[in-house]
Amino acid sequence: METSSDRPGGTRRPWWGRIAAAVVVVAVLIALVARFGLVPGFDSLFGEQTRDRSGPALLKSIQDMDRYEAAVGNFQVVVDLEKDAAFLPDAIRGTRTLYVGAGTVGGYVELGGLGEGNVSVNDDRTKASLRLPHAVLGSAALDPDRSYAVSKQRGLLDRIGDLFSDNPAGEQAVQKLAAQHIDEAARDSGLAERAEKNTTAMLEGLLRSLGFREVTVSYG
């Protein structure tokens with residue numbers, strides 16, 4: 001049978017074109033076999049492997065904690081952060097991220113700076129009075145296992161910029177905003193008051209176990 005390449009005046013495909021076509025066909029066949037598991041055990045040849053090549057953790061410093069962690073609040077906030085560009089539609093330039101942030105805030109009472117003026121005991125050691133500083137709230141600590149991005153929308157220019165970024169579609173902005181909202185919610189939650197109440201209960205129980213029958217704890 002005569003082919004077009006054998007006829008006078010027929011065009012013959014270049015050799016590099018035939019090789020490229022063969023490579024494409026082989027790549028498609030490999031993808032199909034790996035995708036649908038047509039050959040048992042084949043997918044393990046090209047399966048993704050994860051290796052942890054991290055170095056050992058280094059201890060930078062140790063700090064003594066002269067405080068009593070008296071209460072911990074668990075919070076969750078939904079952050080809807082949108083950034084627009086002037087005179088450009090969102091499809092061209094702009095981002096919008098919907099992020100669920102979950103974290104904790106601790107309430108504690110500083111005990112390290114107490115002096116003789118903060119503690120008074122009667123002569124027969126049956127009454128004790130303590131004056132402590134008010135409870136303080138720590139910074140919000142986001143839980144990476146419970147925090148996640150629900151959706152991300154990015155304009156065309158932002159998507160192109162992600163190709164040249166070391167941290168494409170980074171979530172630092174929404175994480176920082178989530179922590180900020182959690183800090184605000186903690187201040188209005190009564191967590192500091194709960195920390196003082198728990199500290200009082202702890203000290204009363206401790207001092208009564210040492211023989212004190214009357215214990216007074218105040219803050220200010």
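Just so you know, residue 1 is the first one in the sequence shown, and it goes up from there. The basis for the numbers below is simple: all heavy atoms, side chains too, and nothing from hydrogens, waters or symmetry mates.
In this structure, Y99 and S151 have side chains that are not in contact, with every pair of non-hydrogen atoms separated by 4.5 Å or more. Side-chain contact check for V105 versus D183: some heavy-atom pair is nearer than 4.5 Å. Annotation: side chain of V217 is in contact with side chain of L132 (closest heavy-atom distance under 4.5 Å). The shortest side-chain heavy-atom distance between D143 and T104 does not fall under the 4.5 Å cut-off.
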- Message: Is there a side chain to side chain contact (heavy atoms under 4.5 Å, CB included) between L142 and I182? Walk through the geometry before answering.
- Response: CA-CA 9 Å; L142 288 182; I182 289 176; 3.8 Å; yes
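Of the residues N118, L207, L111, the one that meets the side chain to side chain contact (heavy atoms under 4.5 Å, CB included) test with L130 is L207. The side chain to side chain contact (heavy atoms under 4.5 Å, CB included) with E204 is formed by just one residue from the set V215, T199, T216; it is V215.
Residue R125 places its CZ atom among 12 or fewer non-hydrogen atoms of other residues, nucleotides or ligands, all under 6.0 Å distant. By the neighbour-count criterion of 12 heavy atoms within 6.0 Å, atom CZ of R208 is densely surrounded, having more than that number from other residues, nucleotides or ligands.
K176 meets the salt bridge (Lys or Arg N to Asp or Glu O under 4.0 Å) test with no other residue; sequence neighbours excluded. The side chain to side chain donor-acceptor pair (under 3.5 Å) check on S218 picks up R131, with sequence neighbours excluded. Under the rule for a side chain to side chain donor-acceptor pair (under 3.5 Å), N74 has no partner lying at least two apart in sequence or in another chain.
Heavy-atom minimum distance, A179 versus A140: O-CB, 3.7 Å. Scanning all heavy atoms of the two residues, the minimum distance from E171 to A149 falls at OE2-CB, 3.4 Å. In plain terms, the two heavy atoms of A135 and A195 that are nearest each other are CB-CB, 3.9 Å. Smallest separation of non-hydrogen atoms from G106 and L191: C-CD2, 4.5 Å. In terms of heavy atoms, G220 sits closest to H134 at CA-NE2, 3.5 Å.
Between the side chain of S209 and the backbone N or O of L206 there is at least one donor-acceptor pair closer than 3.5 Å. In this structure, Q76 contributes its side chain and A102 its backbone to no donor-acceptor pair below 3.5 Å. Looking at Y219, its side chain does come within 3.5 Å of a backbone N or O of E196 through a donor-acceptor pair. A distance-only check finds a donor-acceptor pair linking the side chain of N122 to the backbone of K127 [under 3.5 Å].
Hydrophobic clustering, with ILVMFWY side chains joined whenever heavy atoms are under 4.5 angstrom apart, keeps V100 apart from L81. The hydrophobic clustering, which links ILVMFWY residues whose side-chain heavy atoms are closer than 4.5 Å, places L114 and V136 apart. In terms of hydrophobic clustering, with Ile, Leu, Val, Met, Phe, Trp and Tyr side chains grouped at heavy-atom distances under 4.5 Å, Y148 and V79 are assigned to different clusters.
Interatomic distance, OH of Y108 versus CG of L137, reported as 8.5 Å (0.5 Å rounding).
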